[in-house]
Number of protein chains: 2
Amino acid sequence: MDVTLTAGRNWTDPACPVARTVDLVGDRWSLLIIRDAMDGAATFTEFLERLQIARNILTDRLRRLVDHGILDRSATGGRRHTYQLTEAGKDLFTTVVALRQWGERHAFAPHETHSVLVDPQGRPVPVLRIRGEDGSPITADTSHVRRAT
Amino acid sequence: MDVTLTAGRNWTDPACPVARTVDLVGDRWSLLIIRDAMDGAATFTEFLERLQIARNILTDRLRRLVDHGILDRSATGGRRHTYQLTEAGKDLFTTVVALRQWGERHAFAPHETHSVLVDPQGRPVPVLRIRGEDGSPITADTSHVRRAT
DNA sequence: TCATTGAGTTGCATTTTGAAACTCTTGGAG
DNA sequence: CTCCAAGAGTTTCAAAATGCAACTCAATGA
């Protein structure tokens, strides 16, 4: 992201990377826009149809995501535009997968069906796990945050 | 989470696990409350002080998270309570780490310092990567969503 | 017993959302 | 060339969520 955008900003908690990310994409719509962009959506109308979002809100969120360097907007004649994920945007893939996998585990009743993320060969993507350099599992209890110096 | 909670709910997109998760924790405060719970916060006042959140909003978010089975509330005499992450809540660790690592990479200017997540030995937690069963890296471009059947 | 602290309510102002109607531009169909 | 439809927004206004300050209420504990 552009340095000038991080510099003058009013962060909820300036030293915490979690808080900064939440400030940038932590609302109901931004993450779903990013999800759909990863799934191939690229124009205003495509997002509009997939999300059932109000037009003015979509306008606002797209602009915000472009401003934050997550989406790239290119004109394709007239008012027509194409929105593409930037490298930073694509890098949110891990986050989206983490949200997805948690939802699969905890937001569906046993009998409810849900969509599944698969690799190019059609095999389900394995569950993300956090491990130390030596491969040992790390949890919220066994890790801790070292404050910025 | 309690099945009765998933059943009658008004989801933004009922078949999508990402959307369900975002419906449950995708607002500015919930994820930061969860972050602080993972960092040891347990009482109303502790959350209040760490987050600089309005009291009524904190009340609402804590109640919501308890209702969604992410936090557990236990009385400790009078109006005093302790909030603890449930198993589902602890399982959001992966998501919080993903948000944190994205923020570290994209929401800080090169010269800015930020806190670091470390394992019990004090070593930084490695970057989360999504890999197929065979260990090959998977990105937004190489994966896709198989719709619910 | 009486002030203090934790954990909320309540009332009101400010912001953000959402829905619907309106605008502007441009690539075609005729 | 003219007119129309489609894409991509604005604008307007009502409804909901947020934020702040002041107020309540129960249990310590000096």
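Below, read A as the first sequence line, B as the second, and so on, with proteins coming before strands; counting in each chain starts at 1.
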In whole Å, I'd like the distance from the [atom1] atom of [X] to the [atom2] atom of [N].
| X | N | atom1 | atom2 | answer |
| --- | --- | --- | --- | --- |
| B:Asn10 | C:dG18 | CG | P | 13 Å |
| A:Ile33 | D:dA8 | CD1 | P | 14 Å |
| B:His81 | C:dG8 | NE2 | P | 6 Å |
| A:Phe44 | C:dT25 | CZ | P | 17 Å |
| A:Leu48 | D:dA6 | CG | C1' | 13 Å |

Return no unless some side-chain N or O of [X] is found under 4.0 Å from OP1 or OP2 of [N].
| X | N | result |
| --- | --- | --- |
| B:Tyr83 | C:dG8 | yes |
| B:Arg80 | D:dC25 | no |
| B:Thr45 | C:dA7 | yes |

I'd like to know if [X] pairs up with [Y] as an ion pair, taking the criterion as any Lys NZ or Arg NE/NH1/NH2 lying under 4.0 Å from an Asp or Glu carboxylate oxygen.
| X | Y | result |
| --- | --- | --- |
| A:Asp27 | B:Arg28 | no |
| B:Arg105 | A:Glu87 | no |
| A:Asp13 | B:Arg35 | yes |

Does one side chain, of B:Arg9 or B:His68, offer a donor that lies under 3.5 Å from an acceptor on the other?
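Yes, because at least one side-chain N or O of B:Arg9 sits under 3.5 Å from a partner of the opposite role on B:His68.
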Just by distance, with hydrogens left out, do A:Ser115 and A:Arg100 show a side-chain donor and acceptor under 3.5 Å apart?
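Yes, side-chain donor-acceptor contact under 3.5 Å.
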Taking protein heavy atoms under 4.0 Å as touching, what does nucleotides 11-21 of chain D look like 5' to 3' if B marks base contact, S marks sugar-phosphate-only contact and - marks none?
BB-----SBB-
Of all residues at least two apart in sequence or in a different chain, which pass the side chain to side chain contact (heavy atoms under 4.5 Å, CB included) check with B:Asp119?
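For B:Asp119 the side chain to side chain contact (heavy atoms under 4.5 Å, CB included) partners, ignoring immediate neighbours, are A:Ile138, B:Gln121, B:Arg123.
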